[in-house]
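First the structure, in the form of structure tokens, and then the observations on it.
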Amino acid sequence: MPLSTAEQQQLATKINEPALQVRHTTLELPAGHAAQVFPIGSSTGFIGEAFSMDSLEFMRWAAVRYDEDRFVLVVLFTLMGSQKPGGLIEATHEEVAADLGYSRPHISRVFNVLEADGALRKVQRGVYQLNPAASLRVGLREPRKGEKKRSKPGMGDRVEQLDLLREIMEDPDAPEAFRAMAAPGAKLQVRKESDGEGKATS
């Protein structure tokens with residue numbers, strides 16, 4: 001049953017909207033079913049209107065794992081904030097070094113640590129991917145150079161975390177540590193009686 005004009009204005013006032021436009025669309029539901037209408041999730045409340053989904057277990061693990069070498073955390077957070085949808089980071093070691101004000105060898109060392117731990121992998125020169133089991137920026141992914149779009153013209157491909165993880169598990173070129181962290185049921189463990197070295201296990 002459509003809302004009256006007075007009911008529409010009252011509803012608009014309640015939700016603090018200057019004008020509520022109600023479209024009259026009828027949706028037939030099967031008997032015994034109900035529907036609820038709610039606003040779609042968005043990222044507009046975040047600083048810069050972009051966000052990533054991050055594993056809380058990964059964040060706790062990284063805090064312990066890199067406690068003795070906190071520069072790894074600085075670079076990791078920079079990479080997490082530099083993701084494009086799908087977890088891709090388009091930056092060379094030199095560019096990350098320039099952004100942070102450090103030398104390229106410092107950045108290269110950290111990239112090697114993150115790659116050895118399975119949190120990062122090199123896709124090609126200047127293109128890296130954070131492990132989507134640890135951190136993932138969602139949205140519409142534009143194809144890389146030379147890659148065909150899989151969806152309608154003018155639209156990017158929607159990022160689906162489970163599809164990305166499946167692709168990693170099936171990719172023979174994915175490093176073993178990266179696959180271990182992406183594996184279903186992977187556990188991040190830090191050996192407590194050692195130097196803090198930790199690896200993902202499945």
Side-chain angles (χ1 to χ4, degrees), residues 40-43 46 48-66 72-96 99 107-190 197-202:
I40 59 170
S42 69
S43 63
F46 288 91
E49 298 185 1
F51 69 101
S52 65
M53 298 185 304
D54 306 306
S55 162
L56 297 178
E57 182 176 345
F58 174 77
M59 300 293 272
R60 288 191 304 269
W61 172 83
V64 173
R65 168 73 175 102
Y66 305 123
V72 175
L73 290 173
V74 170
V75 175
L76 177 61
F77 287 160
T78 299
L79 296 175
M80 290 167 75
S82 302
Q83 294 180 77
K84 294 184 178 291
L88 292 180
I89 300 141
E90 296 177 354
T92 62
H93 293 197
E94 292 82 6
E95 291 168 335
V96 175
D99 286 347
I107 302 302
S108 297
R109 180 189 65 77
V110 171
F111 272 56
N112 288 335
V113 168
L114 293 172
E115 288 178 55
D117 286 345
L120 183 73
R121 78 166 167 170
K122 182 177 182 176
V123 177
Q124 64 188 47
R125 187 184 191 295
V127 180
Y128 294 84
Q129 180 184 27
L130 283 172
N131 197 312
S135 179
L136 177 64
R137 180 173 172 200
V138 295
L140 295 179
R141 174 178 53 184
E142 290 298 319
R144 291 179 296 209
K145 293 177 184 174
E147 184 181 56
K148 293 182 179 179
K149 287 188 179 183
R150 292 179 280 187
S151 58
K152 297 177 183 176
M155 294 181 64
D157 291 326
R158 184 177 170 165
V159 172
E160 297 288 349
Q161 184 193 33
L162 295 178
D163 291 341
L164 288 173
L165 292 171
R166 193 174 307 109
E167 288 173 16
I168 290 165
M169 297 309 293
E170 294 171 356
D171 182 357
D173 295 328
E176 186 57 39
F178 198 78
R179 275 198 300 223
M181 189 178 284
K187 301 286 183 213
L188 300 174
Q189 299 176 354
V190 176
E197 289 290 318
K199 299 287 183 201
T201 60
S202 52

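Heavy-atom basis, side chains included; hydrogens, waters and symmetry copies ignored.
Listed by chain and residue number, Arg121, Ile168, Asp171, Arg179 satisfy the side chain to side chain contact (heavy atoms under 4.5 Å, CB included) test with Ala174 (two or more places apart in sequence, or in another chain). Considering only residues two or more places apart in sequence or on other chains, Ser55 meets the side-chain hydrogen bond (donor to acceptor under 3.5 Å, both in side chains) condition with none of them. Taking Asp163 as the reference, Glu160, Arg166 meet the side chain to side chain contact (heavy atoms under 4.5 Å, CB included) condition, with sequence neighbours excluded. Among residues two or more places apart in sequence or in another chain, the side-chain hydrogen bond (donor to acceptor under 3.5 Å, both in side chains) test is passed with Arg60 by none. Partners of Glu94 by salt bridge (charged side-chain N to carboxylate O under 4.0 Å, His left out), not counting sequence neighbours, listed by chain and number: Arg104. Shown here are the ring pair (Phe, Tyr, Trp, His ring centres under 6.0 Å) partners of Tyr128, two or more places apart in sequence or in another chain: His93, Phe111. For Glu170, there are no salt bridge (charged side-chain N to carboxylate O under 4.0 Å, His left out) partners two or more places apart in sequence or in a different chain. The side-chain hydrogen bond (donor to acceptor under 3.5 Å, both in side chains) check on Thr78 picks up nothing, with sequence neighbours excluded. Scored by the side-chain hydrogen bond (donor to acceptor under 3.5 Å, both in side chains) test, Glu115 finds no partners at all (sequence neighbours excluded).
Within the model, atoms CE of Met59 and CZ of Phe77 stand 4.5 Å from one another, a figure rounded to the nearest 0.5 Å. Once rounded to the nearest 0.5 Å, the distance linking CD of Glu167 with CE of Met169 reads 13.0 Å. Distance check, rounded to the nearest 0.5 Å: CZ of Phe58 to CE of Met80 gives 6.5 Å.
Taking both residues in full, the closest heavy atoms of Leu164 and Pro132 are given as CB-CG, 4.0 Å, listed atom of the first, atom of the second, then distance. Residues Leu76 and Ala62 approach most closely at CD2-CB, 4.2 Å, considering heavy atoms. For the residue pair Ala180 and Ala186, the shortest heavy atom distance occurs at O-CB, 3.3 Å. Minimum heavy-atom separation, Ser52 to Ser135: OG-OG, 3.8 Å. Scanning both residues, Gly87 and Leu136, for their nearest heavy atoms gives N-CD1, 3.8 Å.
Screening Val72, Asn131, Leu130 for a side chain to side chain contact (heavy atoms under 4.5 Å, CB included) with Leu114, the sole residue that qualifies is Val72. Each of Ile89, Leu79, Val123 was scored for a side chain to side chain contact (heavy atoms under 4.5 Å, CB included) with Gln129, with one residue passing: Val123.
Contact of the Tyr66 side chain with the Asp117 side chain is registered, since non-hydrogen atoms from C-beta on lie closer than 4.5 Å.
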